[in-house]
Amino acid sequence: METTDNTSKKSSVSAILVMLCTFISRILGFAKIAVIGAFFGATKHADVLNAVFSIPNNLRKLMAEGALSSAFIPVLSESLVKEKDKAVTKTIVRNIITFQVIIIVPLCILSIFFADFLINKVFFEFADPYLNSLAVDLFRWIISYLLLISISAAVMAVHNSHGYFFIPAITPILFSITVISGIVFFYKYLGIFSMVIGVLSGGLLQVIFQLPLFFKNGYDLKPSFNFNNHYFKKIMKNWFPVVATASIFAINSQIAIRFASGLETGSSSALSYAIVFWQFPFGVFSASITTVFFPKMSRLSASNMTNELLKTVNTGVIHLYSLLLPSGIFMFVMGNEIISIAMQRGSFIAENTHLTAFVLKGYAAGIFTAGFVNFLQRFYYSTHNYKKPFIFAAIICIIDVVFSIILKQTFLRVGGLAIANTIAFSVGAIIMFVDIKKTYPLYDLKLFFKQTGKITLALVIPSVFVIFFRTYYDSLWIMGLSIKLLAYFLLTTLVFIVLVLFFYKIFKIDFIFFSKKRSAT
């Protein structure tokens with residue numbers, strides 16, 4: 001049996017590997033939105049494109065890597081621990097993929113058939129009939145992406161349960177490359193519909209790329225309609241409350257898009273672009289750590305190793321804080337420069353940069369609490385507790401919607417939607433944290449506050465530096481990308497990172513990139 005030190009080391013190595021792949025993926029994601037921005041800017045067409053793509057993007061959280069994976073991975077991990085016969089696990093995987101096809105294919109067909117009603121009455125409130133018509137046509141094509149990404153996510157969950165993270169982590173890279181290629185090569189002929197070519201081809205490639213390892217491990221894509229087995233029933237029992245929870249967040253996200261579509265032109269695009277930039281550190285750090293730690297927490301829970309489970313939770317949360325807090329500070333201070341360098345060209349002008357950066361600041365303030373909520377959700381799921389995440393999600397959603405309605409009417413406008421999101425997740429994080437300590441008295445609260453306190457103190461001087469440097473070059477971003485702006489930005493970024501690492505060392509912070517002895521040991 002492996003020691004806690006060894007398993008923690010493996011988790012850290014896996015997390016760093018996933019972070020590296022996710023980092024490349026996010027860089028390509030920036031290239032992707034830079035291409036979209038250059039071709040479509042923050043125009044009405046861009047608003048339609050970003051708004052429509054948000055629909056399958058939110059729905060995949062229910063049928064793909066969000067809800068279904070959250071219900072699927074703990075049960076699959078349990079079967080790998082308890083069942084000697086691998087045929088049982090194979091059957092579970094076949095059941096899941098078959099179930100997805102049965103549910104999603106009719107859903108896509110109905111969505112295509114009732115596209116006009118869904119777009120005009122449910123999802124958006126564009127004032128221009130032409131934009132509504134364009135959104136309907138685009139939606140009819142792009143909704144099929146949901147089936148491809150759902151199958152890809154099921155295969156990815158299998159790989160992660162077996163401890164394979166590299167191949168699944170590469171698939172988003174392929175998706176971004178395909179979308180960029182689709183727009184660049186087909187925009188001249190298809191206009192806004194060039195996005196369809198890229199999205200559907202990218203979704204298909206994500207599935208195909210993962211299949212060789214999937215087949216090598218003894219799995220296949222044969223349909224199995226024998227749903228009368230213990231493990232599948234357990235997944236479904238877990239899936240419904242997880243879907244309910246994920247649905248709340250998906251609906252909440254869609255409400256934000258709807259609110260933005262009713263504001264000034266460019267608001268939907270600013271919201272969508274800001275989320276993409278916010279998701280860079282969130283995806284690299286939060287999603288990577290959660291991806292690696294979730295199967296581990298599920299295995300520890302299945303083995304009834306509660307003490308080790310709580311230590312793993314603490315390790316994950318502290319790593320999140322050490323990575324997301326400096327990321328949020330940097331994005332908040334350097335938002336204008338980030339957007340200007342990445343997007344301000346072609347149809348994307350300084351006014352669009354300023355609005356997108358303003359929205360980004362609102363999201364950046366809450367990046368850790370969002371990561372914290374996401375991680376603790378997986379902790380609850382690993383223990384097969386699905387009621388509490390639903391309740392917490394409902395509270396977060398209600399707070400978000402209430403504050404969104406209030407703040408979007410003020411001078412904040414679309415920026416108010418981001419601030420409302422930060423407020424909601426911050427309140428939700430506090431509630432979940434209190435519940436964890438109350439439910440699990442053995443949770444090491446002293447270690448958490450000691451580590452997060454040291455991290456906060458360590459970031460004081462790096463934060464002062466980046467604020468001072470940003471103030472000194474306050475208006476350099478207005479003219480867009482230039483050698484001077486890029487040099488200033490890279491220098492600021494490099495010095496900020498060096499200072500963060502230096503003070504983490506000085507304060508002896510248990511940091512994932514150079515820690516030898518884990519706090520979870």
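Along the sequence shown, the residues carry numbers beginning at 1. None of the values given here were measured: they were computed from a predicted structure.
- For the side-chain contact (heavy atoms from CB on, under 4.5 Å) test with Ile167, the passing option among Val155, Leu211, Leu213 is Leu213; the others fail.
- To the nearest 0.5 angstrom, Ile183 atom CD1 is 5.5 Å from Ser194 atom OG.
- Taken to the nearest 0.5 Å, the OG atom of Ser426 stands 11.0 Å off from the CD1 atom of Ile431.
- Around the CZ atom of Phe215, the shell of radius 6.0 Å holds more than 12 heavy atoms that belong to other residues, nucleotides or ligands.
- The line from OG of Ser201 to CG of Leu174 is 12.0 Å long, rounded to the nearest 0.5 Å.
- A donor-acceptor pair under 3.5 Å is formed between the side chain of Trp278 and the backbone N or O of Tyr363.
- A donor-acceptor pair is defined here as one N or O able to donate and one able to accept, closer than 3.5 Å; such a pair exists between the side chain of Gln100 and the backbone of Ser150.
- Within 6.0 Å of CD on Glu264 lie more than 12 heavy atoms contributed by other residues, nucleotides or ligands.
- Contact between Thr98 and Lys222 at its shortest, heavy atoms only, is OG1-O, 4.3 Å.
- Side-chain contact between Arg470 and Asn336 is present, with heavy atoms from C-beta onward closer than 4.5 Å.
- Counting all heavy atoms, side chain and backbone alike, Leu28 lies closest to Ile180 at O-CD1, 3.7 Å.
- Across all their heavy atoms, Gln344 and Gly480 have their closest contact at NE2-N, 3.2 Å.
- With rounding to the nearest 0.5 angstrom, the CZ atom of Phe99 is 10.0 Å from the CD1 atom of Ile235.
- Looking at heavy atoms from C-beta onward, Lys234 lies in side-chain contact with His384 at the 4.5 angstrom threshold.
- One distance of note links CG of Leu148 with CD1 of Ile104; it measures 9.5 Å at 0.5 Å rounding.
- Here the side chains of Ile97 and Leu221 are in contact, with some heavy-atom distance below 4.5 Å.
- Closest approach of Val199 and Phe175 over heavy atoms only: O-CE1, 3.5 Å.
- Among Tyr386, Phe375, Phe72, Phe293, the one residue that satisfies the ring-ring contact (aromatic ring centres under 6.0 Å, His included) test with Tyr381 is Tyr386.
- Looking only at atom types and distance, the side chain of Asp400 has a donor-acceptor partner in the side chain of Ser404 under 3.5 Å away.
- Between Ile24 atom CD1 and Ile173 atom CD1 the span is 4.5 Å, to the nearest 0.5 Å.
- Two residues are said to be in side-chain contact when any heavy atoms from C-beta on lie closer than 4.5 Å; Met343 and Thr353 fail this criterion.
- The only option from Leu76, Val158, Asn217 that meets the side-chain contact (heavy atoms from CB on, under 4.5 Å) definition with Thr89 turns out to be Leu76.
- Below 30°, between 30° and 60°, or above 60°: for His159 and Tyr164 the angle between ring planes is above 60°, a perpendicular geometry.
- Between Phe368 and Phe372, the ring-plane angle classifies as tilted under the 30° and 60° cut-offs.
- Using a distance-only test at 3.5 Å, with no hydrogens or angles considered, a donor-acceptor pair links the side chain of Ser382 to the main chain of Phe379.
- The backbone N or O of Ser224 lies less than 3.5 Å from a partner atom in the side chain of Asn95, making a donor-acceptor pair.
- Between the Asn352 side chain and the Ile349 main chain, a donor and an acceptor come within less than 3.5 Å of each other.
- Both the sub-6.0 Å distance and the 45° axial angle are not jointly satisfied by Lys388 relative to the ring of Tyr380.
- Minimum heavy-atom separation, Phe332 to Lys361: O-NZ, 2.6 Å.
- The two atoms that bring Ile143 and Ser111 nearest to each other are CG1-CB, 3.9 Å, heavy atoms only.
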| request: Show the numbers, then the answer: is there a ring-ring contact (aromatic ring centres under 6.0 Å, His included) between Phe348 and Tyr273? | output: CA-CA 12 Å; Phe348 200 92; Tyr273 293 146; 5.7 Å; yes
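- Formation of a donor-acceptor pair under 3.5 Å by the Arg413 side chain with backbone atoms of Lys408 is found in this model.
- In this structure, Asp220 does not pair ionically with Lys90, as no charged nitrogen and carboxylate oxygen lie closer than 4.0 Å.
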